[in-house]
Amino acid sequence: MKTLREIPVGRTAQVVKLHGEGPVRRRIMDMGITKGVEIYVRKVAPLGDPLEITVRGYELSLRKADAEMVEVN
């Protein structure tokens with residue numbers, strides 16, 4: 001299983017599955033991160049948290065803990 005956190009800067013990945021439960025999973029889905037969507041990793045902060053990604057045409061910052069819940073291929 002590869003997670004969004006493992007994708008290097010400048011690469012694109014497709015969401016396979018969302019892990020996690022309840023409000024956390026709902027919040028990730030509300031941000032537009034759903035199964036089948038393409039995510040481009042734009043930047044990673046100097047200390048590794050947060051990640052800046054592009055999803056559905058807009059920029060989004062995502063914490064490492066949340067990025068680990070997103071399984072990609």
Side-chain angles (χ1 to χ4, degrees):
M1 176 181 96
K2 187 156 54 165
T3 65
L4 181 57
R5 183 177 174 193
E6 300 167 38
I7 303 300
V9 173
R11 291 286 173 90
T12 301
Q14 187 173 20
V15 177
V16 174
K17 185 176 181 181
L18 291 176
H19 297 278
E21 300 178 358
V24 177
R25 181 180 174 155
R26 181 81 241 165
R27 187 169 47 84
I28 291 172
M29 291 175 72
D30 288 345
M31 287 188 248
I33 301 171
T34 56
K35 184 177 177 182
V37 76
E38 295 264 322
I39 296 178
Y40 174 73
V41 180
R42 296 189 51 173
K43 295 188 236 178
V44 177
L47 297 176
D49 200 14
L51 301 152
E52 186 175 308
I53 63 173
T54 301
V55 60
R56 298 182 189 264
Y58 66 93
E59 284 75 38
L60 178 67
S61 291
L62 195 63
R63 294 185 303 222
K64 285 191 296 188
D66 293 340
E68 286 178 351
M69 294 181 198
V70 181
E71 184 178 337
V72 296
N73 63 4

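The first residue of the sequence shown is numbered 1, and numbering continues consecutively from there.
The main-chain N or O of Lys64 is found under 3.5 Å from a side-chain atom of Asp49 such that the two form a donor-acceptor pair. In this structure, the side chain of Gln14 engages the main chain of Gly36 through a donor-acceptor pair within 3.5 Å.
In this structure, Val70 is not a member of the same hydrophobic cluster as Val16, with clusters built from ILVMFWY side-chain heavy atoms closer than 4.5 Å. Clustering ILVMFWY residues whenever any of their side-chain heavy atoms sit less than 4.5 angstrom apart, transitively, puts Leu60 in the very cluster that holds Val24. At a threshold of 4.5 Å between side-chain heavy atoms, the hydrophobic network of Ile, Leu, Val, Met, Phe, Trp and Tyr places Leu4 and Val55 in one connected group.
Tested against Met69, the residues Ile28, Thr3, Leu62, Leu18 include a single side-chain contact (heavy atoms from CB on, under 4.5 Å) partner, Ile28.
Here the closest heavy-atom approach between residue Glu59 and residue Thr54 is recorded as OE2-OG1, 3.8 Å. When every heavy atom of Ala13 is checked against every heavy atom of Val72, the shortest pair comes out as CB-CB, 3.8 Å. Across every non-hydrogen atom of Leu51 and Val44, the tightest pair is CD2-CG2, 3.5 Å.
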Starting from the C-alpha separation in whole Å, work towards a yes-or-no answer on salt bridge (charged side-chain N to carboxylate O under 4.0 Å, His left out) for Glu71 and Lys2.
-> CA-CA 6 Å; Glu71 184 178 337; Lys2 187 156 54 165; over 6 Å; no

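Considering NE2 of His19 and CZ of Arg25, their distance stands at 9.0 Å, rounded to 0.5 Å.
You'll find the side chain of Ile33 reaches within 4.5 Å of the side chain of Ile53, heavy atoms only. Side-chain contact check for Arg11 versus Val41: every heavy-atom pair is 4.5 Å or farther apart. The shortest distance between side-chain heavy atoms of Thr12 and Ile39 does not fall below 4.5 Å.
At a threshold of 4.0 Å, the pair Asp30-Arg27 does not count as salt-bridged, since none of the basic side-chain nitrogens sits closer than that to a carboxylate oxygen.
Between the side chains of Arg56 and Thr34, at least one donor N or O sits under 3.5 Å from an acceptor N or O.
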